[in-house]
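Shown next, in structure tokens, is the structure this report addresses.
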Amino acid sequence: MSELQPILISGGVGFIGSNFVQHWFSKGFGPVVNLDKLTYAGNPENLASIEGDPAYTFAHGDICDAKLVAQLMKQHHPRAVVHFAAESHVDRSIAGPEAFLRTNIDGTFTLLQAAREYYATLTGSERESFRFLHVSTDEVYGTLNPDDPAFHEETPYSPNSPYAASKAASDHLVRAWVHTYGLPAIITNCSNNYGPYQFPEKLIPLMIANALQGKPLPIYGDGQQVRDWLFVLDHCRALQTVLERGRVGETYNVGGGNQRSNLEVVTTLCALLDELVPESKFKPHFQLVKYVTDRPGHDRRYAIDARKLETELGWRAEESFETGLRKTVEWYLANSAWVQNVTSGAYQQWVAQNYDSRAVSENPASRTTAKEAL
Ligand code: NAD
Ligand code: DAU
């Protein structure tokens, strides 16, 4: 398919999606149509740098809206779908799982059905090269003991949180659409991402934002839970690689081999802040650490074996945890206005004033570019 045809991405205003869109444009890979509901996690400011680019189209709407999704595919004739949209935060899934089931399961089903119908209209090289890339998580595999080998593509699914269960369900749907309907889909399961534009409810940006304001740094339980951290741009490069060269029907695990306990992560972050903000009155920042009640059902350890992606497709993480974390802290320090807009909720007032979600989902023709709205 021609690179002049767009890719259709879902959830591209969120953390990973907005990094992916910026990466895509920085490489000149062609037009993008971005379907996003602008939930609390979708801050249009994330994509301010590409607003006005004629190759970018923003469609405000819900992936559960079958009419809208079908209309977008028909109208834009995408060469691929990259599916990021999800409710993504484990703690929120424990407090209120409904939205997770709706968006992550029903929404994926809706996108798959629309993609299947659209794919049936393609012929020749367009049909040959069309891909549906489903962006998923290592949490579908459950939890590891300290001596267990890392998750690999054959590890049985064993999701523990409502979030993980909803993502596991979506993965199974994608797999079924490949096997039953021949949809050319690929699944990626990635470990914990960190980097610019991550919403400060997740561990790393929350700790940075709180430390800078002298607020407590809440560590769940004993802080010995292990996550395998990957800088978000390395994830974006992996997705692009899989889109280009991944085999249809396959799953690829994505991870950077950076296992760290939460306590280690927070200790490193505090040391970085001590160094980069020497005038801070909250130094040493580690004094702000507060042990709090553990997350219910908290998975103890995640670790990813990414050898399939590395050997088969030649991808390698470019950032170490140390270089990536330093870049991340520097980004948050340089973008305090972004953090302020998010933590104060100002961006949501702006979204409410500029978008009428009812009108958009009922009338797909009323697409608005984020530029117009900004
Ligand atoms: P995020 O929460 O930052 O962003 C989600 C985006 O999806 C937001 O822009 C939101 O507005 C949009 N969205 C939510 N519901 C929608 C709906 N019904 N219709 C249309 N848009 C909707 O999430 P993220 O951290 O960028 O994660 C993106 C994807 O990557 C998710 O599928 C997640 O499961 C997966 N993932 C995330 C991580 C991580 O560490 N963050 C790791 C592995 C996989
Ligand atoms: O593994 C991939 C997953 O990583 C993604 O699929 C999810 O979308 C993403 O949110 C992330 O899930 P986690 O639950 O691992 O991320 P979170 O940042 O919420 O927490 C990381 C670890 O830090 C986890 O062990 C819980 C702990 N934690 C988190 C917060 C927010 C704390 O100790 N204190 C906190 O305040």
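Atoms within a ligand are numbered from 1 in the order they appear, just like the ligands themselves.
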Review point. What about His172 and Tyr157, are their ring centers closer than 6.0 Å?
Key: yes
Review point. Which one of Arg300, Arg295, Glu201, Lys290 has a non-hydrogen atom at the shortest distance from atom 19 (O) of ligand 2?
Key: Arg295
Exercise for review: Assess the side chains of Glu126 and His77: does a donor N or O sit below 3.5 Å from an acceptor N or O?
Suggested key: yes
Check your understanding: Do Asn262 and Gln225 have side-chain N/O donor and acceptor atoms under 3.5 Å apart?
Key -> yes
**Study point:** Polar side chain donor-acceptor pair, Asn189 to Asp138, under 3.5 angstrom
**Key:** no
**Study point:** atom 27 (C) of ligand 2 [closest protein heavy-atom partner, distance rounded to 0.1 Å]
**Key:** Asn262 ND2, 3.4 Å
Check your understanding: Is Arg92 atom CZ crowded by more than 12 heavy atoms from other residues, nucleotides or ligands, each under 6.0 Å away?
Key -> yes
Check your understanding: Does an N or O anywhere in Thr103 fall below 3.5 Å from an N or O of ligand 1?
Key -> yes
Check your understanding: In terms of ring plane angle, is the pair Phe199 and Tyr40 parallel, tilted or perpendicular, where the classes change at 30° and 60°?
Key -> perpendicular
Check your understanding: Counting both backbone and side chain atoms, is some N or O of His83 under 3.5 Å from an N or O of ligand 1?
Key -> no
Study note, to complete from the structure: atom 12 (O) of ligand 2 has as its nearest protein heavy atom Glu139 OE2, 2.8 Å
Review point. Should the pair His83 and His134 be assigned to parallel (<30°), tilted (30 to 60°) or perpendicular (>60°) ring geometry?
Key: tilted
Practice item. Look at atom 21 (C) of ligand 2 and say which protein heavy atom is nearest, naming residue and atom and giving the distance to 0.1 Å. Key: Leu203 CB, 3.8 Å
Review point. With Pro218, which of Leu288, Leu206, Val289 fulfils side chain to side chain contact (heavy atoms under 4.5 Å, CB included)?
Key: Leu206
Practice item. For atom 1 (O) of ligand 2, find the nearest protein heavy atom and state the residue, atom name and distance (0.1 Å precision). Key: Asp138 OD1, 2.5 Å
Exercise for review: Tell me which one of Tyr40, Tyr163, Phe100, Phe20 gets a heavy atom nearest to atom 33 (C) of ligand 1.
Suggested key: Tyr163
Review point. Counting heavy atoms only, which of Cys190, Ala86, Ser166 is nearest atom 43 (C) of ligand 1?
Key: Cys190
Check your understanding: Parallel, tilted or perpendicular for Phe109 and Trp177, by the 30°/60° rule?
Key -> perpendicular
Point to revise | Six-ring centre of Tyr119, Arg127 cation under 6.0 angstrom, axis tolerance 45° | key: yes
Review point. Which ligand 2 atoms does Ile219 reach within 4.0 Å, using its non-hydrogen atoms?
Key: 33 (O)
Point to revise | Contact with ligand 2 for His298, non-hydrogen, under 4.0 angstrom | key: yes
**Study point:** Test item, Gly61 contacting ligand 1 (heavy atom, 4.0 angstrom)
**Key:** yes
Practice item. Look only at interatomic distance and state if Lys37 has a nitrogen or oxygen under 3.5 Å from any nitrogen or oxygen of ligand 1. Key: yes
Review point. By number and element, which atoms of ligand 2 are closer than 4.0 Å to a non-hydrogen atom of His89?
Key: 19 (O)
Review point. Numbering the atoms of ligand 2 from 1, which are under 4.0 Å from a heavy atom of Pro218?
Key: 32 (C), 33 (O), 34 (N), 35 (C), 36 (O)
Check your understanding: For Ser136, which of Asn104, Thr188, Asp171, Asn253 qualifies under side-chain hydrogen bond (donor to acceptor under 3.5 Å, both in side chains)?
Key -> Asp171
Exercise for review: Check Ser191 against ligand 1 and report side chain, backbone, both or neither, counting heavy atoms closer than 4.0 Å.
Suggested key: backbone
Exercise for review: Identify which of Thr137, Leu35, Ile16 has a heavy atom lying nearest to atom 39 (C) of ligand 1.
Suggested key: Ile16
Practice item. Pick, from Ile16, Val292, Thr137, Asn192, the option with the minimum heavy-atom distance to atom 15 (O) of ligand 2. Key: Asn192
Check your understanding: Nearest to atom 8 (O) of ligand 2, what protein heavy atom do you find, and at what distance?
Key -> Ser88 O, 2.7 Å
Exercise for review: Check whether NZ of the Lys or CZ of the Arg Arg295 lies under 6.0 Å from the centre of the six-membered ring of Tyr220 and within 45 degrees of that ring's axis.
Suggested key: no
Check your understanding: Between Glu87 and ligand 1, is there a nitrogen or oxygen pair with a distance under 3.5 Å?
Key -> no
**Study point:** Close-contact set for ligand 2 against Tyr163 heavy atoms, below 4.0 Å
**Key:** 5 (C), 6 (O), 7 (C), 8 (O)
Point to revise | Region of Leu206 engaging ligand 2 - heavy atom pairs below 4.0 Å | key: side chain
Review point. Considering only the protein, which heavy-atom contact is closest to atom 29 (C) of ligand 2, and what is its distance?
Key: Tyr220 CE1, 3.5 Å
Review point. Which part of Asn104 is near ligand 1, with near meaning a heavy atom under 4.0 Å away: side chain, backbone, both or neither?
Key: neither
**Study point:** Atoms of ligand 1 close to Gly42 [distance to a heavy atom under 4.0 angstrom, numbered from 1]
**Key:** 8 (C), 9 (O), 11 (O)
Study note, to complete from the structure: Check: of Tyr194, Phe84, Tyr197, Phe15, min heavy-atom distance to atom 31 (C) of ligand 1 comes from Phe84
Point to revise | contact_flag Ser136 ligand 1 heavy-atom lt 4.0 Å | key: yes
Practice item. Report yes if Lys202 has an N/O atom closer than 3.5 Å to an N/O atom of ligand 2; otherwise report no. Key: no
Review point. Looking at Tyr252, is Arg247 sitting on its ring face, NZ or CZ under 6.0 Å from the six-membered ring centre and within 45 degrees of the normal?
Key: no
